[in-house]
Amino acid sequence: MAELTFREALRQALREEMRRDPNVYLVGIAIGSYRRGGVFGVTEGLLEEFGEERVIETPISEGAIIGSSIGAAMLGKRPVAEIMDAEFLVTCFHQLVYEASQMRFFTSGEAKVPLVVRTAFGATVNAMPIQQQSPESWFLQSPGLKVVMPSTPADAKGLLKAAIRDDNPVLFFEHKKLYDIRGPVPDGDFVIPLGRAEVKREGRDVTVIATAWMVHEVLEAARRLGSRGIELEVVDLRSILPIDKKTILESVKKTRKVVIAHEAKKTGGVGAEVSALIAEEAFEFLDAPIIRVAGPDLPMPFVPSSEDIVQAVESLLRA
Amino acid sequence: MAELTFREALRQALREEMRRDPNVYLVGIAIGSYRRGGVFGVTEGLLEEFGEERVIETPISEGAIIGSSIGAAMLGKRPVAEIMDAEFLVTCFHQLVYEASQMRFFTSGEAKVPLVVRTAFGATVNAMPIQQQSPESWFLQSPGLKVVMPSTPADAKGLLKAAIRDDNPVLFFEHKKLYDIRGPVPDGDFVIPLGRAEVKREGRDVTVIATAWMVHEVLEAARRLGSRGIELEVVDLRSILPIDKKTILESVKKTRKVVIAHEAKKTGGVGAEVSALIAEEAFEFLDAPIIRVAGPDLPMPFVPSSEDIVQAVESLLRA
Amino acid sequence: MKTEHLSLSDLTNIYRIMLLSRKFEEKIVELFHSGKTRCFTPHLGIGEEAVSVGAFYGLSKQDLISPHYRGATAAWLVRKLPATELMCIYLGKKSTGLANTMAVQWTTNMTLNVIGMASSILGGGIEIAVGAALGAKLGKTGQVVVNSFGDGTTNRGNFHEALNLAAVFRLPIVFVCQNNQWAMNMRVAKAVTVGKISKRAVAYGFPGITVDGNDVLAVHQTVQEAVQRARDGLGPTLVEAVTYRMSPHSERDPDQYRAEAERRKWRRKCPILRLEATLKAKGMPQEELLNIQQNAADEIAKAVDEALSRPDLTPEDRLQQWSAIYREIYI
Amino acid sequence: MKTEHLSLSDLTNIYRIMLLSRKFEEKIVELFHSGKTRCFTPHLGIGEEAVSVGAFYGLSKQDLISPHYRGATAAWLVRKLPATELMCIYLGKKSTGLANTMAVQWTTNMTLNVIGMASSILGGGIEIAVGAALGAKLGKTGQVVVNSFGDGTTNRGNFHEALNLAAVFRLPIVFVCQNNQWAMNMRVAKAVTVGKISKRAVAYGFPGITVDGNDVLAVHQTVQEAVQRARDGLGPTLVEAVTYRMSPHSERDPDQYRAEAERRKWRRKCPILRLEATLKAKGMPQEELLNIQQNAADEIAKAVDEALSRPDLTPEDRLQQWSAIYREIYI
Ligand SMILES: Cc1ncc(C[n+]2csc(CCOP(=O)(O)OP(=O)(O)O)c2C)c(N)n1
Ligand SMILES: Cc1ncc(C[n+]2csc(CCOP(=O)(O)OP(=O)(O)O)c2C)c(N)n1
Ligand SMILES: [Mg+2]
Ligand SMILES: [Mg+2]
């Protein structure tokens, strides 16, 4: 098992899948010769290995990138499109939420859209407020899509490979602050099924459910609280569409207390859906209010830290 | 007080505001000479009264409609744009969620965007599955916007007038099944503040929170249950951004049981946010799970009926 | 009217399909207004048959077609779909040959290589068609895509992005603008300020050609030449076929914004009558024409009967089917 | 180089602003790479000053400008904003004259009639500019809008929809395409398959003109003529100003995809040196040129000093300000 960065793990997944299946191709803006392969360097070396027919750079027209990827996918191609920044998802929103997601339903299952859309999201320092979005919850209303948000290099690899092999459109959110983190990544054909959460840390006192970068803030909070004898159970959603209800409910039944943490704004974020699921299906197991730790309802980026999580847990235990 | 249809009430609001303020103008596709004034007849007679400079028909380019309305609004105009069908909001999503909503923040409050976007939404019979959307929850992550969903002719008038006078962008959702319903509408300058829910029926047993057409299904359910001695308190949200927490929490504290009903798909709908608010801020008052009655997670339209609400309430009372 | 490139049997076949489409849609008008349909409000292409039939006729079965929503009837008939299957959609019956949508124009079938609208967003289909052409090019399948759309649709951003992408990759696609001179109540001249829509091709550096859209043979020939260019790797062409929307925008549109004189003028230019004249000039006996007409009428009548004998497609059916698809996707 | 239309004092002023912009941005490069900025990665317009200064100079204060993100420095300087205020944005200091954004190009000020990008979505600003022109027309204010954008941006759907709307309503707007021949690592010829971007105006039926974008006076004259057309109610014009991106795409771009020879060639075409030559030919003494240069350098040095003496703009400040705005909106 190699020790790779999140970025390298993604690249390994892309390379392996492109070698395995000639129908897989990459498409996007500046994914070839720009910097070390894309703005965030994920696609480095792939243009050299696979050529311009499989690493396709386009003009600035995200609608056409995704729309055309849908058409190509219907013909059996397996496009992996890159939308440079999650902010730009608004420019192909129609294609994602209506066309990619509904095609299979509207053709009674006949036409499939095996499309992956990778996009970088999340807040970093000194970036423009605007380019700091966590817009993942927009897609919760689009059955037919899958939405993945990995938090570790191993998950990044395993989930991206699964996404590429999936016959449905998958939106793949890569948190910008994760690209440089390192971790062990299984070699070769390592695939993690989509739609399954993972308990990243076991604990008996409070369940904290999180996504992407926030998983690391939560783990940090867990370490700090652990030293004081408070044991958090950390559930990494990994997919937010579908949401892994089973893992969530099992954990809630064990700890009876829940905090949900994400970077996106609080109102209308994924946390709302997770909270509502719990309030609907595990109410009798709950001992305390369900707390959301999330960005404030303001333009990005003001994002929660491990300290905010510690405070939320403390307030929950005091109540 | 006149007895008007929802459609007439909207038209009255538009006419009165256009007469009051020469900066108000209408813009959209086919809002003038088509049928009786737009596909749904709301703008009938306004072209004749106000002329082409104030009832502006455009080519099919919703991005430019909303984008240009933002620019005009920044110069002091007060555009009321019509997006024929809520499905088409995807084509001006970027303009709404980034530009209209964030302008005031990004200019430190200097530039305001007094824009109203009216759109018809919701399921009707025999319409295309696709043109049946209830996409309102997409906008919950856009602080800066206001989102209104009236359920009665009086609310339609009072809220539309408030929307037009508001200095912020307001999305105004008109449910297609409501256009023909009738009700009393106060004459003249009748304005309902945005952001306030209304208790449409008082009751002690269960709070049912709903929007737009679903308010009527809930009221029907309330009548049926009322005859069996079960008293629903019906809260009409009217605005979903901002959500009127106060009214909701007061009602929950009284009844201690909550059902939330909307037409939109369940996952990621407004119900999730309302449920999460309650689970966070009124947990100790709750006696039972928070139930959502909503469309299934499928392409539209499969929408709940009063019968579904009756069943949800019954299951809640049994539990 | 150039006719040299087509055999008499092709001409007859084209005539037959146009007629079938016309009679089909006239029947829909009747059924809709007598309350017998169970479908999305029909948006018909009566008077515009020369565009879809001319554009989609004569391709190989492998080639993909992606028709404008108005004119989809004719496109499906060109692809030899039995009229009964189309009729099922309008009458809310179970079709055996098609996905169970509620509108012909939203129907896609990858076996027949017909890509319908995937959403009601005008212009979205152009991008998908471009993607099909990209898929064909990447897969070196030799397929060509013919995609049509309305004049109003050329004002959408998607039109621009899609045509540009097709130009950049020199994709094997032919764009056909079905310019029926109206977009709902907006006259094309109010929405498009350059005289000819074909000039919009200038922005992408590929040929743009305007053709008489009521002359099915001219449309056919022009599109076929463009198809050949596409097949030869020379990239896209924009063909503007100028026709006229004889139908109201939809069957719920009282159509009060147009002068009756305008409609009358265009009624005289009916593309079917025009082809009839050509056939007569080529020596087709009146009897045979009448025969074809009768056959078309019979076929439509039979389609209605057969469709009516099919089981209803209920909302519950769709709910079940979609629920099953949902489970397939997520489990 | 046509210079007849400008007085020597105008020429001098233009020279001064171009130089100021250049020195400002060169200072930003230095500050950024020595880790002294606290801002969004700079995307600079070094070498492209002739486009923004040429396009925005000489308008009335009431006219609105909506500059391309690359070149916004020069645009603000044309509007007489003190360099210190701009510098504050880069250094993360509180500006007294501007909203507290983190990037000059995203800054809007309706008192100075400068509309910046409202989001990072390329092309969105064109629509807003068109709306400002619509507002001006409806309000009969006599204002004209000058809006610029990059070559790559002309491939966006928004470009198409916005230009079409401007054409349909004959709005008082001038579109300036700052064609610097690259969009990140994509050469314009790979993204736009019609030789000249000005030809895209054909699709909207208004004039499209290509001009040497390193000749500030040519840009100025062409835009001014278009402004006059707009003011006279004759509608929009698309001016393509061909220049070259001397800077990398952003200060984080190692810019390895372009040949050094290409950059070298364009360095010789520097628009500032070119205007200097004109001024010399008009008899401006070397001494005066040196004087202007020294003043510009001093002004930038002072801007840095002054900005540094301002209080930091912390994330908490923004949080507070935005929270206050939030309360204003919703309460
Ligand atoms: C993005 C979008 N906006 C508006 C509509 C509503 N609409 C449906 S058909 C139509 C007119 C289309 O005009 P054109 O492209 O000329 O086609 P035609 O109806 O004339 O065949 C409009 C505006 C839509 N479907 N999609
Ligand atoms: C919709 C959208 N897609 C992608 C980007 C990322 N992006 C920022 S600048 C840029 C290149 C712009 O090229 P051009 O318009 O020629 O302007 P230039 O940078 O050359 O001045 C890109 C792709 C964006 N901002 N918006
Ligand atoms: Mg038309
Ligand atoms: Mg450029």
Side-chain angles (χ1 to χ4, degrees), chain B residues 22-23 25 27 52-54 56-79 81 91-95 97-113 115 143-146 166-169 193-195 239 241-243, chain D residues 64 66 95 98-102 106-111 113 115-121 123-141 143 145 147 156-169 171 173 318 321-322 324-326 328-331:
Chain B
N23 284 316
Y25 70 90
V27 61
E52 288 197 351
E53 289 239 318
R54 298 193 57 203
I56 302 178
E57 293 197 332
T58 72
I60 307 170
S61 47
E62 285 84 353
I65 292 175
I66 303 303
S68 67
S69 296
I70 293 169
M74 288 167 72
L75 258 69
K77 293 279 145 192
R78 304 188 84 85
T91 62
C92 49
F93 194 64
H94 132 222
Q95 290 82 356
V97 304
Y98 287 140
E99 291 166 357
S101 71
Q102 299 190 150
M103 189 70 72
R104 190 162 169 171
F105 292 101
F106 288 169
T107 59
S108 298
E110 197 219 24
K112 288 178 190 149
V113 181
L115 161 67
L145 283 186
K146 301 185 179 183
D166 203 289
D167 275 344
N168 302 287
L194 304 184
S239 287
L241 188 63
I243 292 177
Chain D
L64 290 124
S66 150
S95 161
L98 287 181
N100 292 313
T101 62
M102 285 178 78
W106 271 277
T107 305
T108 285
N109 186 293
M110 296 307 287
T111 313
N113 286 318
I115 304 183
M117 292 181 88
S119 75
S120 64
I121 306 299
I126 311 180
E127 295 162 340
I128 295 182
V130 164
L134 177 62
K137 178 165 180 166
L138 293 175
K140 301 191 176 51
T141 65
Q143 289 161 296
V145 180
N147 164 244
R156 292 264 315 131
N158 313 60
F159 165 84
H160 179 67
E161 294 196 2
L163 268 69
N164 193 54
L165 204 71
V168 161
F169 298 134
L171 297 181
I173 185 164
R318 193 176 296 108
Q321 187 190 51
W322 285 358
I325 292 175
Y326 181 90
E328 262 173 58
I329 293 175
Y330 290 113
I331 302 165

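In what follows, every heavy atom counts, from backbone to side chain, and hydrogens, waters and symmetry copies are set aside. Letters A, B, ... mirror the listed sequences (proteins, then strands); counts begin at 1.
Counting only residues at least two apart or on different chains, the side-chain hydrogen bond (donor to acceptor under 3.5 Å, both in side chains) pairs with a member in residues 104-113 of chain B are Arg104(B)-Asn168(B), Arg104(B)-Glu328(D), Ser108(B)-Gln321(D), Glu110(B)-Thr111(D). Applying the salt bridge (charged side-chain N to carboxylate O under 4.0 Å, His left out) test to pairs two or more places apart or on separate chains, none has a residue in residues 124-133 of chain D.
Comparing Pro79(B), Gly109(B), Gly67(B) by heavy-atom pairs within less than 4.5 Å of chain D, the highest count is held by Gly67(B). When each of Val130(D), Asn164(D), Leu138(D) is checked for heavy-atom pairs under 4.5 Å with chain B, Leu138(D) comes out on top. Contacts with chain D were tallied for Glu53(B), His94(B), Lys146(B), Met103(B); His94(B) has the most, counting heavy-atom pairs under 4.5 Å. When the candidates Ile121(D), Thr141(D), Thr108(D) are compared by the number of heavy-atom contacts under 4.5 Å with chain B, Ile121(D) comes out ahead.
Between Phe106(B) and Trp322(D), the ring planes lie tilted relative to each other; the angle falls in the 30° to 60° range.
Put simply, the side chain of Glu99(B) never gets that close to the backbone of Ala118(D): no donor and acceptor are under 3.5 Å apart. Here the side chain of Lys77(B) pairs no donor or acceptor atom with the backbone of Leu134(D) at under 3.5 angstrom. No donor-acceptor distance shorter than 3.5 angstrom exists from the side chain of Tyr330(D) to the backbone of Gly195(B), with no hydrogens or angles considered.
Residue Asn113(D) does not touch chain B at all, counting heavy-atom pairs closer than 4.5 Å.
Rounding to the nearest 0.5 angstrom, the gap separating the OG atom in Ser68(B) from the CD1 atom in Ile128(D) is 10.0 Å. Note that the CD1 atom of Ile329(D) and the CG atom of Asp167(B) stand 10.0 Å from one another [nearest 0.5 Å].
What you find for Gly135(D) and Leu75(B) is that their closest heavy atoms are C-CD2, 4.2 Å. Of all heavy-atom pairs spanning Ala64(B) and Ala162(D), the tightest one is CB-N, 4.2 Å. Of all heavy-atom pairs spanning Val168(D) and Pro59(B), the tightest one is CG2-CG, 3.8 Å.
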